[in-house]
Amino acid sequence: MTATAVANPSPVSRKFRWLIAGIVIVCAAYSAGWFAVADQVEKRLTAHLADGRANGLGGECTNMDVRGFPFRIGLFCDKVNLDDTRRGASASFGALRTAAQVYQPGHAIIELDGPAELRVSPDLNVSADWTLLHASVRATLSGLDRSSLTYDNLTGTVRLPLTGGSFGFGASHGEMHLRRNGNDLDAAVSVDKLDLRPENGASFAPPANVAADLPFVDKASWMGSGIPTPAMLRGSKGELRQMTLDLGSGMNAKLSGPFSVNDQGLISGEFSLTMTNIEAWRANLVTLIPDDANLVNNTANMLKALANGKNEATVKLNVRDGTAFLAFIPIGVLPTL
């Protein structure tokens, strides 16, 4: 190469150098921007948690760190604590890992480790653990738009200190999906192989598959309302599109219809109930609640009578202020929320 060529590079050579210089500048600017955003996320979240504590909804992220460079950004914590003094609720969890694509920051993936402890004043303590808990959230400028939660191999215990009661629970897999629908909130829940049992005893019934699909009217605000509690359902109403319960051996139940919960936590509604293999339900329930064997037998007899002696029936089930009626005869009282 001659001295003249070096002193006077070709137009192609000059463009290539400008391209390389541009790439370097863009990469440097992107890197600086990523770390500046990560620093702001950490500082603002710390400030937000501090402000929340002052307003009754606090949180703690132990050993907070923001990672994911270059194409993701996510928050990592060794342990998570939540405290909602407004509702007398608190919760603690294991490690938290989150990730969102830089080009789609409104869609985040979350993984949370156990064990977990949930306490709701005055009389509810829940401990739980799992092999996998995975969540997905989508947010817009107006707030949280939808969320999904899945888990595998869930086990735990519910304790009621005031009454001394307790029971264990487990499930092989479960999902929960929430979505804003205008001012309403659409909810769908499913649980596979749900197992309920005394803390130290045999299962109450065969493992059950449970699924429910229901919208809540004018409750879209629940998407960002902190730790959920049963009391949140007070004053709500909606439509149970379908709830199914499958205990195997042909024991299936389906429930659908409108419902409401008054300010005292009492449920009311008009439901369509379908039950199959009524005799199997009778046998299992008599074993489970022997003190109510007469009520179980009378209810089973009524169902079969309404179905002209068949072993499956579809009937109207009315619930008024927490009391369930079958053909104008009370058959049970639902718990207060």
Side-chain angles (χ1 to χ4, degrees), residues 123-124 158 160 162-167 169 187 189 191 194 196-198 203-206 208-217 229-247 249-337:
D123 190 32
L124 177 63
V158 176
L160 306 172
L162 294 182
T163 62
S166 65
F167 64 89
F169 62 88
V189 181
V191 182
L194 175 64
L196 301 176
R197 59 191 179 280
S203 298
F204 292 127
N209 294 331
V210 185
D213 178 12
L214 63 165
F216 291 91
V217 177
T229 64
M232 288 176 60
L233 295 171
R234 296 185 176 186
S236 66
K237 62 180 179 179
E239 176 85 21
L240 183 61
R241 292 184 179 129
Q242 182 165 276
M243 178 177 179
T244 61
L245 177 62
D246 183 356
L247 273 73
S249 302
M251 286 188 294
N252 298 305
K254 295 181 181 179
L255 189 70
S256 62
F259 68 90
S260 63
V261 184
N262 66 16
D263 293 337
Q264 289 73 47
L266 299 175
I267 301 172
S268 297
E270 297 180 358
F271 303 101
S272 173
L273 171 66
T274 299
M275 297 187 69
T276 62
N277 202 347
I278 297 172
E279 288 301 329
W281 281 100
R282 183 205 302 265
N284 277 273
L285 290 174
V286 166
T287 302
L288 177 63
I289 45 176
D291 292 342
D292 293 321
N294 287 336
L295 176 61
V296 171
N297 284 321
N298 290 337
T299 302
N301 291 336
M302 288 175 58
L303 288 170
K304 296 191 71 172
L306 292 171
N308 296 320
K310 296 179 181 178
N311 202 27
E312 61 180 76
T314 298
V315 297
K316 295 296 182 181
L317 182 68
N318 293 313
V319 180
R320 296 196 294 273
D321 294 332
T323 300
F325 294 85
L326 181 62
F328 305 104
I329 298 176
I331 61 172
V333 177
L334 303 182
T336 301
L337 299 176

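Predicted model, so just to flag it, every value in this text is computed and none were measured. One-based numbering along the sequence shown.
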Contact summary for [X] and [Y], nearest pair of heavy atoms:
| X | Y | value |
| --- | --- | --- |
| Ser268 | Asp321 | OG-N, 2.9 Å |
| Lys254 | Thr244 | CG-CG2, 3.9 Å |
| Lys316 | Leu326 | O-CD1, 3.7 Å |
| Ser256 | Gln242 | CB-CA, 4.3 Å |
| Phe271 | Gly257 | CE2-O, 3.7 Å |
| Ala324 | Leu317 | CB-CD1, 4.3 Å |

Should [X] and [Y] count as side-chain neighbours, where that means a heavy-atom distance under 4.5 Å?
| X | Y | answer |
| --- | --- | --- |
| Pro330 | Phe325 | yes |
| Lys237 | Pro258 | no |
| Met243 | Val210 | yes |
| Leu247 | Asn284 | no |
| Leu194 | Leu196 | yes |
| Asn277 | Asn252 | no |
| Ile278 | Lys310 | no |
| Ile267 | Leu233 | no |

Distance, nearest 0.5 Å, that separates [atom1] of [X] from [atom2] of [Y]:
| X | Y | atom1 | atom2 | result |
| --- | --- | --- | --- | --- |
| Leu273 | Thr314 | CG | OG1 | 7.5 Å |
| Asn262 | Arg234 | CG | CZ | 8.5 Å |
| Leu288 | Trp281 | CG | CH2 | 10.5 Å |
| Leu285 | Ile289 | CG | CD1 | 5.5 Å |
| Asn301 | Arg282 | CG | CZ | 4.5 Å |
| Ile331 | Asp292 | CD1 | CG | 12.0 Å |

> Would a distance-only check, ignoring hydrogens and angles, find a side-chain to backbone donor-acceptor pair under 3.5 Å from Arg241 to Pro215?
Replying inline: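 Side chain of Arg241 to backbone of Pro215, a donor-acceptor pair under 3.5 Å: no, none is there.
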With no hydrogens and no angle check, is any side-chain donor or acceptor of Ser236 less than 3.5 Å from a backbone partner on Val261?
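Not at all, since once roles are kept as given, no pair shorter than 3.5 Å links the two residues.
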* **Candidate list Leu255, Val315, Leu303, test side chain to side chain contact (heavy atoms under 4.5 Å, CB included), partner Met275, passing option** =>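 So the option named by the test is Leu303.
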Give the C-alpha distance, both sets of side-chain angles, the deciding distance and a yes or no for side-chain contact (heavy atoms from CB on, under 4.5 Å) between Leu124 and Leu160.
CA-CA 5 Å; Leu124 177 63; Leu160 306 172; 4.0 Å; yes
Other residues, nucleotides, ligands: >12 heavy atoms within 6.0 Å of Glu270 CD |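 No, not enclosed.
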